[in-house]
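Step one of this worksheet: look at the structure below.
Residue numbering restarts at 1 for every chain, and letters A, B, ... go by the order of the sequence lines.
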Amino acid sequence: MTEQATELLIGLNQAQQDAVTTTEGPVLVVAGPGSGKTRVLTHRIAYLIREQGVSPDQILAVTFTNKAAREMRDRVDNLVPHSAANGLVMGTFHSLGVRILRQNPGLVSEHLNLLPNFVIYDSGDQQELVKRAIIAANLDPKQLQPRRMQARISAAKSVLQTPDEFASTVETYDDELVLRIYREYERGLRNANAVDFDDLLGLPIRLFDMVPTLLERYQQRFRYIMVDEYQDTNRVQYVIVSALAAYYRNLFVVGDPDQSIYAWRHADIRNILDFEKDYPDAKQIHLELNYRSTKRIVQAADRVIRENEQRIERTIRTENEEGELISLRELPDQNAEASFIVNEIRRLMTSQGYRGDDIAIMYRTTAQSRVLEESFRVSDVPYRIVGGLRFYERKEVKDLLAVLRLLHNSYDRMAFERVIDNLPLGHGFGPKAMEAVQDWAQEQHSTAIDACIATVPSINADPDQSKPSLSAPARRAAEKIGAVFARLRVSAETSTLAELFDDIIEQTGYRDLFADGTEEDLQRWANIQELRSDLEQYDFMEPGKALGAWLEQVALVADVDNMAEDARGQVTLITLHSAKGLEFPVVFIAGVEDGLLPISRAVEAEPFDPAPMEEERRLFYVGITRAKKLLYLTFAGNRLSYGRYQMGVRSRFLESIPADAVRSVTRHGFRGGGADRMAGKKSGSLASRVTGDWIASSERVVTVPPPPSLPLPDYAVGQHVFHPKFGEGTIDEVIARNDDQELAVTFTRHGKKRLMASLARLDVLGES
DNA sequence: TTTATCCCTATTTTT
DNA sequence: TAGGGATAAA
């Protein structure tokens with residue numbers, strides 16, 4: 001072995017070295033959390049390039065997120081100097097799928113009936129399209145729940161069933177309905193010259209079936225294939241991998257069955273469990289030594305995951321130090337939970353030397369992030385939220401995105417309707433006009449946008465030219481739309497994306513929607529500016545090409561992908577699902593309650609199907625194993641959901657964590673929602689003792705020195721108050737809640753709101 | 001055609 | 001609680 005080779009292996013344990021140097025043939029690496037699998041993958045790629053002289057463009061590495069791909073590429077670049085890694089193909093399955101489709105526009109239009117400028121529908125568009133498909137199939141969207149239908153269609157697609165193939169599996173009446181909707185849905189997609197996420201995986205396979213030489217080309221090209229997070233691949237992804245790897249058989253997959261958390265997205269755990277059946281000559285390597293977490297954290301995780309029945313028996317271990325006890329805290333409600341977390345973080349930052357970006361808060365449902373965010377907002381601790389409402393799914397962003405999409409692909413019906421419904425440009429253009437325009441488009445084999453353009457006299461002077469039949473006011477609206485889009489089309493061909501964007505905002509009247517200058521408007525306007533600077537990144541490209549490239553990138557980014565590498569001291573708020581693959585010195589898991597973690601559906605399903613419950617447990621396991629040094633688990637005795645308080649019960653998963661690993665903290669005495677305000681008095685003061693401290697079972701917990709906070713005034717009906725967000729208002733009602741007050745306030749600008757006095761930060765302006 | 005108001009239902013996770 | 005959809009009124 002050369003010196004360079006040994007250099008690449010320095011610091012790797014034996015198993016890791018095996019994984020790096022076994023380059024030929026099928027290899028399965030079962031990698032526990034924190035066992036250095038990313039290191040193995042990057043070093044292996046570097047090893048192939050540097051030691052085996054493999055050309056980077058013969059290597060394909062598939063990751064779960066674009067972010068993971070990017071990080072891996074950076075790390076490989078550091079290991080392989082002088083850009084020797086250029087040409088490496090790295091990305092998600094979905095981006096690989098698009099890549100294949102985009103590289104073969106001729107075959108795609110010949111065999112798949114798609115124009116080269118096809119667009120990718122996101123889940124929102126899909127949902128809407130499904131709803132239309134239900135209506136088109138003469139069914140009732142209220143009875144059939146578009147969500148569920150979409151899930152059924154997606155399930156069919158993820159096992160590569162076309163509507164015709166699905167038809168042969170129909171058993172129940174419900175299946176029958178799904179089939180009808182599925183057919184309409186496919187038709188809608190193709191009419192809009194669009195594909196959905198599942199198509200990005202399925203269509204390449206269909207293309208390979210129809211054009212075997214195409215598959216051969218890719219098989220020859222990708223001599224070494226690596227797949228990360230293999231436990232979360234589904235059937236289609238499995239087929240893609242098997243097809244591509246069939247020639248060279250140099251397939252290297254890494255995964256951990258215990259971290260499989262995407263069965264609901266049709267991930268099929270059999271892919272990893274049956275790997276050795278598929279490749280009897282496969283070498284199996286286990287990475288079990290954890291380099292990430294303290295002994296206590298690793299042991300707790302091990303105890304938790306052990307309870308699962310459907311599992312290959314194994315143990316994770318670590319040689320790291322014992323570490324701190326795990327903190328377990330019950331709080332009265334979700335507000336107290338949130339402020340406890342914020343206060344504790346503040347303490348860690350001020351007296352323990354942690355930085356904000358060392359810390360993450362994880363939760364099961366995105367809804368939980370709101371309360372947490374509220375608490376951060378009123379604190380001085382910087383934070384960022386990953387997941388939840390994604391940037392590109394915000395209303396104002398989607399509205400403008402729709403214009404861009406429509407300019408790129410005028411068949412995009414969903415985009416057209418969105419423009420009509422949401423932009424001032426669409427005013428006066430109602431359902432009747434919409435129908436007329438769609439009919440015309442159908443007849444003329446044209447598009448709705450061109451129907452509008454056809455009504456513009458200055459563009460279309462020919463009186464014999466057919467035009468959509470519209471009432472006078474509708475015609476005026478259509479003319480305006482047509483004129484604006486005709487201009488924008490020119491702009492799209494000649495200007496940079498940022499200039500085009502400015503034109504759009506001006507000409508569609510979108511700017512006028514933000515003239516009020518309320519705080520919400522400002523935020524939304526800021527989002528629009530952010531969108532604009534996103535577009536600026538593509539200014540280097542040719543005007544005609546940039547739009548397509550940018551739209552593609554938008555469709556495929558996940559929220560984690562946008563997580564800045566340098567978090568600039570911000571605390572991360574993230575769902576447990578999105579947290580997979582990440583690590584933080586300090587982790588809080590919030591809402592560790594039955595009904596939330598495990599989620600209620602899993603609890604209900606358990607008697608007849610234990611699988612969802614096991615997946616919940618794995619999710620908890622994933623969360624625990626993100627923590628390097630400190631782990632906090634919190635749950636609330638009462639939690640607001642559906643607008644009412646529900647009793648919370650500590651999660652059954654907590655029973656598996658040994659008591660001596662936990663600083664179990666129970667509440668002493670009674671204190672309501674204003675707990676933190678009371679704790680706000682100097683620690684050790686009479687007040688804090690009287691109202692009760694947190695008492696640990698195994699050790700005394702020092703009360704957190706809390707943030708300075710002012711005592712709240714007593715609010716009364718009729719007072720004029722000022723709110724930082726809602727402005728001026730009058731108090732209508734005051735309800736005592738423990739030692740807090742719930743206020744009903746009518747604001748001049750924002751109408752009636754109900755607020756908790758402790759959070760609202762109201763200033764009293766005077767009595768009325 | 002647009003806007004206001006009321007009622008209903010739904011929260012799991014995401015490429 | 002909020003967001004969507006239906007209904008009524010202007």
Side-chain angles (χ1 to χ4, degrees), chain A residues 62-69 91-98 120-124 126-128 131 140-143 145-148 150-151 154 157-158 196-201 229 232-234 236-237 260-267 334 362-371 386-390 392-393 395 420-421 424 426-434 471 473-474 476-477 554-561 574-580 591 595-605 612 615-616 618-620 622-623 639-646 751 753-754:
Chain A
V62 185
T63 57
F64 198 70
T65 63
N66 295 297
K67 177 170 179 272
T92 61
F93 274 104
H94 292 86
S95 62
L96 175 65
V98 187
I120 302 162
Y121 271 8
D122 68 24
S123 26
Q126 269 179 62
Q127 185 104 339
E128 196 56 39
K131 201 195 287 172
D140 181 5
K142 268 184 302 194
Q143 271 182 311
Q145 302 160 10
R147 273 179 79 90
R148 189 173 70 88
Q150 193 208 324
S154 176
K157 285 192 174 197
S158 70
D196 64 17
F197 280 125
D198 298 305
D199 288 336
L200 295 179
L201 309 173
E229 308 283 8
D232 284 324
T233 53
N234 66 21
V236 198
Q237 292 167 335
S260 151
I261 54 174
Y262 282 98
W264 56 273
R265 215 172 73 188
H266 316 115
Q334 75 285 337
M362 302 177 185
Y363 35 82
R364 178 63 235 264
T365 67
T366 49
Q368 290 168 260
S369 66
R370 283 196 42 191
V371 188
V386 180
L389 189 56
R390 276 182 280 289
Y392 293 116
E393 285 176 9
K395 185 180 174 299
I420 297 302
D421 290 345
H427 276 209
F429 195 97
K432 254 173 42 202
M434 177 66 76
S471 68
R476 274 194 299 277
V554 166
L556 293 177
V557 289
D559 218 57
V560 267
D561 296 336
I574 192 168
T575 62
L576 287 161
H577 280 90
S578 297
K580 188 176 72 162
L596 216 45
L597 184 64
I599 200 90
S600 48
R601 282 168 89 121
V603 177
E604 286 152 25
E615 182 151 312
E616 293 295 304
R618 290 193 294 268
L619 195 52
F620 187 42
V622 166
R639 185 174 295 274
L640 191 64
S641 71
Y642 288 112
R644 49 184 53 232
Y645 276 92
Q646 303 254 293
K753 305 272 174 200
R754 298 193 86 82

Audit row: A:K131, A:K142, side chain to side chain contact (heavy atoms under 4.5 Å, CB included) steps and yes/no:
CA-CA 9 Å; A:K131 201 195 287 172; A:K142 268 184 302 194; over 6 Å; no

A:L640 CG to A:R370 CZ distance, which is reported to the nearest 0.5 Å:
10.0 Å

Kindly determine whether A:E229 and A:T63 satisfy side chain to side chain contact (heavy atoms under 4.5 Å, CB included), including the steps that lead there.
CA-CA 7 Å; A:E229 308 283 8; A:T63 57; over 6 Å; no

Please test A:L597 against A:L576 for side chain to side chain contact (heavy atoms under 4.5 Å, CB included), starting from the C-alpha separation and ending with a verdict.
CA-CA 10 Å; A:L597 184 64; A:L576 287 161; 4.0 Å; yes

Nucleotide N/O to protein N/O under 3.5 Å, stretch nucleotides 1-6 of chain B:
| from | atom 1 | to | atom 2 | distance (Å) |
| --- | --- | --- | --- | --- |
| B:dT1 | OP2 | A:G430 | N | 3.4 |
| B:dT2 | OP1 | A:G428 | N | 2.2 |

A:D232: which of A:R618, A:R265, A:K580 passes salt bridge (Lys or Arg N to Asp or Glu O under 4.0 Å)
A:K580

Hey, can you tell me if A:F64 and A:Y262 have their rings parallel, tilted or perpendicular (30° and 60° cut-offs)?
tilted

Spacing of A:R639 atom CZ relative to B:dT11 atom P, expressed in whole Å:
18 Å

Which distance, rounded to the nearest 0.5 Å, do you find between the CG of A:L556 and the OG1 of A:T65?
12.5 Å

For B:dT15, does OP1 or OP2 lie under 4.0 Å from any side-chain N or O of A:T65?
no

Polar pairs (N or O, both sides) under 3.5 Å between protein and nucleotides 3-6 of chain C?
| from | atom 1 | to | atom 2 | distance (Å) |
| --- | --- | --- | --- | --- |
| C:dG5 | OP1 | A:K131 | NZ | 2.3 |

Distance, rounded to the nearest Å, where A:K580 contributes NZ and B:dT13 contributes C1'
12 Å

Considering only B:dT15, B:dT11, B:dT13, which nucleotide approaches the side chain of A:A367 most closely?
B:dT11

Tabulate protein N/O versus nucleotide N/O from nucleotides 8-10 of chain B, keeping only pairs under 3.5 Å, one per line.
none

Could you check which of B:dT15, B:dT14, B:dT11 has an atom nearest any side-chain atom of A:W264?
B:dT14

Going through the distances and angles, do A:F197 and A:K157 end up as a side chain to side chain contact (heavy atoms under 4.5 Å, CB included)?
CA-CA 10 Å; A:F197 280 125; A:K157 285 192 174 197; over 6 Å; no

To the nearest angstrom, how far is A:Y363 atom OH from B:dT11 atom P?
18 Å

Could you state the CD-C1' distance from A:E229 to B:dT14, rounded to the nearest angstrom?
14 Å

Please determine whether a side-chain nitrogen or oxygen atom of A:S95 lies at a distance below 4.0 Å from atom OP1 or OP2 of B:dT15.
no

From A:N234 atom CG to A:D198 atom CG, the distance as rounded to the nearest 0.5 Å
8.0 Å

How many angstroms lie between NE2 in A:H94 and CG in A:N66, if you round to the nearest 0.5 Å?
10.5 Å

Any idea which heavy atoms bring A:S123 and A:Q150 closest together, and the distance?
O-OE1, 4.2 Å

Euclidean distance, atom CG of residue A:L201 to atom C1' of B:dT15 [Å, nearest integer]
8 Å

Rounded distance in Å - CG (A:L640) to C1' (C:dA2)
12 Å

Have a look at A:F93 and say if it touches a base, only the backbone sugar-phosphate, or nothing, with a 4.0 Å heavy-atom cut-off.
nothing

5′-ward residue of the pair A:R601/A:L556 relative to DNA chain B
A:R601

Tell me whether A:E604 is salt-bridged to A:R601, with the criterion being a basic N under 4.0 Å from an acidic carboxylate O.
no

Can you tell me if A:S641 touches the phosphate of C:dT1, counting only side-chain N or O atoms and a distance under 4.0 Å to OP1 or OP2?
no

Give the rounded distance in Å between these two atoms: CD of A:Q646 and C1' of B:dT11.
12 Å

Using atom CD1 of A:I261 as one end and atom C1' of B:dT14 as the other, report the distance to the nearest whole Å.
10 Å

